[in-house]
Amino acid sequence: MALLTGGPMFYSLKRLLSDLEIEFDEDVLHNAGNDAVYTMKTRADCVGFFHHFHRNHPRLPFMIGELFDGTTHVVVSVEEYVGIKDELQRKTRQSLPDVSYINDRDVTIKEERKSFPHYQSYRDFSMPLKVENDRIKASRKEEANQQVTLLGSSLKHKPDARFMAFDVETYEHDKSITLEIGYVFVNLDKPEEKEAFHYIIEENLHYTNKDYVPDNRERFKFGTSQRMSLEKTAEKFKQHIADADFLVTHAGHHDEEYLAGCGISLEGKQMFDTQALAMALLTGGPNSYSLKRLLSDLEIEFDEDILHNAGNDAVYTMKVFHALSKKI
């Protein structure tokens, strides 16, 4: 920061890369491996460090991770990343900007302890991944456009349709353990009239999130939480889902799996994903939107401190869905 004048007090990684005129691909930011590479590039004397990185760190274990969107990347653990960053800061005597971590909820490790003897071996491995990732991104874009078309048709033929947005919070170290389930009903022709429900799973109260996401299960803002067994919560969900014409989720690629693990099937219900809709309807944004990013970009008032509560996230997801539907 001391090297740049006329800028903000704190630089995002994207802003630093732009201001320093470093070539970068915005579509691959917010990936721990890519962000670590770009962080190194923020100072010219780090380029050599990275070029010889694999040769000088032959035992550093990389992992091959598949993200929720189906793309595959070379990643490192948080602990290894912190070690690399500390080494660079000692070498440069500069504080490097923080970059985002990949939540383990959003990545499946396909190969552990992958090694690269030198930079070229890393590049030879990574380039085919990039080609395949680009194909997957193009496919996701097409699927997003199809969702927009389907939503437009659904709203035209049933303007008073009843939508149900839902969210599931799981234990960060074991995704098979469900902590909360929340959902909300809204008719888009009367968006101010909503029914919100939030269930805290009684038998899992002793599991607490804190490492990757906060434990906000007691901070439901839009109604009264109910403590209930997972079995009874599943029965409530099944009863209510029958009243919904369409389902809404945000990045619900995992939520459907979590609900299936609770004995809840979403089969036969058309589901719209706000992340996919945003990809098709919003321009100039990232390939993958967080709920917080969508709320901010759509200028929807929200309390960041109560996110990661299943009931609150369901309500905010519905607000995002309503705002996106207006753009069709």
Side-chain angles (χ1 to χ4, degrees), residues 66-70 102-108 140 143-144 147 151 162-186 194-201 204 207 209 212-217 220 222 225-226 228 230-279 288-295 306-322 324:
E66 181 178 311
L67 301 192
F68 67 88
D69 61 1
I102 302 173
N103 192 318
D104 66 350
R105 169 175 175 167
D106 292 330
V107 62
T108 299
R140 289 186 69 229
E143 291 174 3
Q147 276 220 7
L151 178 56
R162 188 166 171 80
F163 290 87
M164 176 183 172
F166 67 90
D167 184 67
V168 181
E169 290 294 321
T170 59
Y171 181 48
E172 57 195 0
H173 297 295
D174 185 347
K175 300 306 175 182
S176 68
I177 299 172
T178 300
L179 304 182
E180 310 165 52
I181 294 178
Y183 50 92
V184 59
F185 286 98
V186 166
K194 62 180 181 291
E195 294 180 86
F197 301 85
H198 178 237
Y199 299 101
I200 299 172
I201 307 306
N204 293 332
Y207 292 101
N209 288 336
Y212 300 114
V213 295
D215 176 21
N216 282 336
R217 72 182 99 188
F220 183 41
F222 303 99
S225 300
Q226 297 182 60
M228 196 174 291
L230 182 58
E231 182 180 0
K232 290 184 178 179
T233 298
E235 287 303 316
K236 290 283 188 182
F237 193 99
K238 291 174 184 177
Q239 292 169 13
H240 281 119
I241 198 174
D243 297 330
D245 296 307
F246 301 101
L247 302 180
V248 179
T249 183
H250 176 78
H253 39 278
H254 290 308
D255 287 347
E256 192 169 357
E257 298 174 15
Y258 301 151
L259 290 176
C262 302
I264 300 171
S265 173
L266 304 183
E267 188 176 352
K269 292 287 185 179
Q270 175 61 49
M271 185 160 57
F272 296 101
D273 192 319
T274 53
Q275 192 173 80
L277 293 173
M279 184 187 302
S288 299
Y289 284 88
S290 67
L291 180 57
K292 175 184 170 183
R293 171 68 183 266
L294 274 178
L295 289 164
I306 63 170
L307 293 177
H308 299 291
N309 169 289
N312 295 335
D313 284 3
V315 171
Y316 284 136
T317 296
M318 185 63 83
K319 289 176 180 286
V320 165
F321 176 74
H322 182 228
L324 290 172

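Just so you know, these numbers use all the heavy atoms, side chains as well, and skip hydrogens, waters and symmetry mates. Start at 1 with the first residue, then count along the sequence.
Between the K236 side chain and the M228 main chain, no donor and acceptor come within less than 3.5 Å of each other. Of the possible polar contacts, none joining the D167 side chain to the D313 backbone as a donor-acceptor pair under 3.5 Å is found.
For the atom pair K292 NZ and H308 NE2, the distance stands at 8.5 Å (nearest 0.5 Å). The CD1 atom of I181 sits 12.5 Å away from the CD atom of Q226 when rounded to the nearest 0.5 Å. The structure places CG of N204 at 6.0 Å from CG of L179, a figure rounded to the nearest 0.5 Å. Remark: H322 NE2 to K194 NZ distance equals 12.0 Å, nearest 0.5 Å. Expressed to the nearest 0.5 Å, how far CG of L67 lies from OG1 of T108 amounts to 9.0 Å. Taking CE of M164 as the reference point, atom CG of D245 lies at 12.0 Å (rounded to 0.5 Å).
Judged by a 6.0 Å distance limit and a 45° cone about the ring axis, R162 is not positioned over the six-membered ring of F246.
Aromatic ring pairs are classed by plane angle as parallel below 30°, tilted from 30° to 60° and perpendicular above 60°; the pair F321 and F163 is tilted. Ring planes of H240 and F197: tilted class, angle from 30 to 60°.
Within the 4.5 Å cutoff, side-chain heavy atoms of L295 are placed close to those of L307. With a 4.5 Å cut-off on side-chain heavy atoms, N216 and N312 do not count as touching. Residues V168 and E180 fail the side-chain proximity criterion, which asks for heavy atoms closer than 4.5 Å. Between R140 and D69, the closest side-chain pair of non-hydrogen atoms falls below 4.5 Å. Put simply, the side chain of V248 does not reach to within 4.5 Å of the side chain of Y183, judged on heavy atoms. Put simply, the side chain of I201 reaches to within 4.5 Å of the side chain of T233, judged on heavy atoms.
Taking all atoms of both residues into account, the shortest heavy-atom contact from C262 to A234 is O-CB, 3.6 Å. Across every non-hydrogen atom of L266 and I241, the tightest pair is CD2-CD1, 3.4 Å. Between S290 and H250, the shortest heavy-atom contact is C-NE2, 3.5 Å. M318 and V184 get closest at one heavy-atom pair: CE-O, 3.7 Å. Across all non-hydrogen atoms, the minimal contact from D243 to Q239 is OD2-O, 4.0 Å. In plain terms, the two heavy atoms of K175 and T170 that are nearest each other are CD-OG1, 3.2 Å.
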Test log, rule side chain to side chain contact (heavy atoms under 4.5 Å, CB included), inputs T317 and T249: CA-CA 7 Å; T317 296; T249 183; 5.7 Å; no
Criterion side chain to side chain contact (heavy atoms under 4.5 Å, CB included) on Y316 and F222, from CA distance to verdict: CA-CA 10 Å; Y316 284 136; F222 303 99; 4.1 Å; yes
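Partners of E235 according to the side-chain hydrogen bond (donor to acceptor under 3.5 Å, both in side chains) rule, which considers only residues two or more places apart in sequence or in another chain, do not exist here. Looking at residues two or more places apart in sequence or on another chain, you find a side-chain contact (heavy atoms from CB on, under 4.5 Å) between Q147 and F272, D273, A276, L277. By the salt bridge (Lys or Arg N to Asp or Glu O under 4.0 Å) test, E231 is found to be paired with no residue, residues two or more places apart in sequence or in another chain being considered.
Taking the six-membered ring wherever Trp is involved, the centroid distance between the rings of Y258 and F166 does not fall below 6.0 Å. Residues Y171 and Y207 bring their aromatic ring centres within 6.0 Å.
The number of heavy atoms from other shown groups lying within 6.0 Å of NZ (K238) is above 12.
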